[in-house]
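Everything below concerns the one structure shown next.
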Protein chains: 2
Amino acid sequence: MNNRESLVNFILSVVKISRDEADQIANTFHPIEIEEKDYLLRENEISDDYFYLESGLMRTFLYNLEGEEITIDFFTENNIVFEITSFFNRIRSEAYIQAITKCKGFRISYEELNTLFHDKPAFRDFGRAILVKEFIASQSRNFGMINRTAKERYQNLLSIEPQILQYAPLKYIASYLGVTDSTLSRLRKKM
Amino acid sequence: MNNRESLVNFILSVVKISRDEADQIANTFHPIEIEEKDYLLRENEISDDYFYLESGLMRTFLYNLEGEEITIDFFTENNIVFEITSFFNRIRSEAYIQAITKCKGFRISYEELNTLFHDKPAFRDFGRAILVKEFIASQSRNFGMINRTAKERYQNLLSIEPQILQYAPLKYIASYLGVTDSTLSRLRKKM
DNA sequence: AAATCCACTTGACAAAAGGCAAGAATTAAA
DNA sequence: TTTAATTCTTGCCTTTTGTCAAGTGGATTT
């Protein structure tokens, strides 16, 4: 079922290392599956999963001061899924990571990741590249929030990651875009 | 003038290493000063400064599709200032980094940073911690944009980093908060 | 000192988005 | 299959924010 080859290719697409070395790295990962609506991480836990998502759709969310659920981010196939803050700082997570559809992939722990960084210096560049990538994604989302109307943000999401709109319920998308359910519903109608 | 001791203390506050090692690291940095309104980085350049800001106030900004200047971030004293994307990916910057007030601090190049990472393994944790910190800052800004009104965002900035409001002109702050100058001016009046 | 420039303020109106509540539609449960 | 629970849509009205344009007040220049 699980196909470690996709992980090898993902690693190779991020850093320039030999296939052999990428194989060795991929082999230290452990296959896991997460059922729809199950959690990879819950509030107050210390994240210990550095998870390569091979197939499926996930999201992180948390509760704001009004107790409303806010979707912070979606994760699609062929990405590393983890809660950076909790994972690297070894502190309790404020967020949840949840499978929207059934998910498959490979994980390693914090300890295993550090061992890999030590044993495979080239893999450090991988780790850094992932962090930089997440940072860029967060920044460009900020920029979008400032420079685009809700409608434009929706259209942008639609063109960039249509899979999300296909599987995620409207309310997840609405909070992710920073609008109410009603507003998103109306925007949709006008298109 | 320049006081390398503040850099040593900053390093020690981020990672657990000996003062001696922190001294050695700090000694590879080069002192620089940037005059008010001068740039550390311009659009289309490849960032080559990993800059510890000892004193002064800076900002990054870029132009949106309408040609308006959008302030992306402010940097206050005792922080690392750099354009993560351009610096680590060795690509042309879309953003500017500018001194709002006269700035002093210490810099190293991309090459020097990597040499340091190689020579001082403990410093790698520093590098990672800085990346994680920037990521958290970006995420919490996102969260604020979604969950707070412009007025609340302004009040939050006021309570967290009042120095910014003291030195940065209204228009920088307005675009940073994602509102027009007029709106920010009105919000201010009501307080 | 007059002219110029820039940052900021303000007014009048328009557009975007939210709040609330009622009603469809869909899904899950009994 | 009927009930119950969610999720989504929609109408009405309010609040927030934007747009445009005019005006004020400093600072700088000439």
What string of B, S and - do you get for nucleotides 16-23 of chain D, 5' to 3', when a contact is any protein heavy atom under 4.0 Å?
-> -SSBB---
Per-nucleotide protein contact along nucleotides 22-30 of chain C, 5' to 3', at a 4.0 Å heavy-atom cut-off (B base, S sugar-phosphate only, - neither), is ---------
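Between B:Tyr110 and B:Tyr50, the distance separating the two ring centers is not shorter than 6.0 angstrom.
Each of B:Glu54, B:Glu35, B:Glu36 was scored for a salt bridge (charged side-chain N to carboxylate O under 4.0 Å, His left out) with B:Lys102, with one residue passing: B:Glu35.
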Trace of the side-chain hydrogen bond (donor to acceptor under 3.5 Å, both in side chains) decision for B:Asn9 with B:Arg19 = CA-CA 9 Å; B:Asn9 288 329; B:Arg19 174 162 285 267; 3.0 Å; yes
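A search for side chain to side chain donor-acceptor pair (under 3.5 Å) contacts involving A:Asp20 returns A:Gln24, not counting sequence neighbours.
Regarding A:Asp181, its CG atom lies at a distance of 10 Å from the C1' atom of D:dT9, rounded to whole Å. Per the geometry, OH belonging to B:Tyr172 stands 11 Å off C1' belonging to C:dA7, to the nearest Å.
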Review item, side-chain donor-acceptor pairs of residues 178-191 of chain A, under 3.5 Å, at least two apart:
{"residue": "A:Thr180", "atom": "OG1", "partner": "A:Thr183", "partner atom": "N", "Å": "3.3"}
{"residue": "A:Thr180", "atom": "OG1", "partner": "A:Thr183", "partner atom": "OG1", "Å": "3.0"}

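Contact check of residues 157-171 of chain B against DNA chain C (heavy atom, cut-off under 4.0 Å) returns B:Pro169, B:Leu170, B:Lys171.
An OP1 or OP2 oxygen of D:dT9 is reached within less than 4.0 angstrom by no side-chain nitrogen or oxygen of A:Lys189.
Grouped with A:Tyr39 in one hydrophobic cluster are A:Phe61, A:Tyr63, A:Tyr96, the linkage being side-chain heavy-atom contacts under 4.5 Å among Ile, Leu, Val, Met, Phe, Trp and Tyr residues.
Between A:Glu21 and A:Lys16, no side-chain nitrogen of the basic residue sits less than 4.0 Å from a carboxylate oxygen of the acidic one, so the salt-bridge criterion is not met. Between A:Arg124 and A:Asp119 there is no salt bridge, since no side-chain nitrogen of the basic residue lies less than 4.0 Å from a carboxylate oxygen of the acidic one.
A donor-acceptor contact closer than 3.5 angstrom is absent between the side chains of B:Lys104 and B:Asn3.
A:Tyr52 and A:Phe106 have parallel rings, their planes meeting at less than 30° on a 0 to 90° scale where 60° marks the start of perpendicular.
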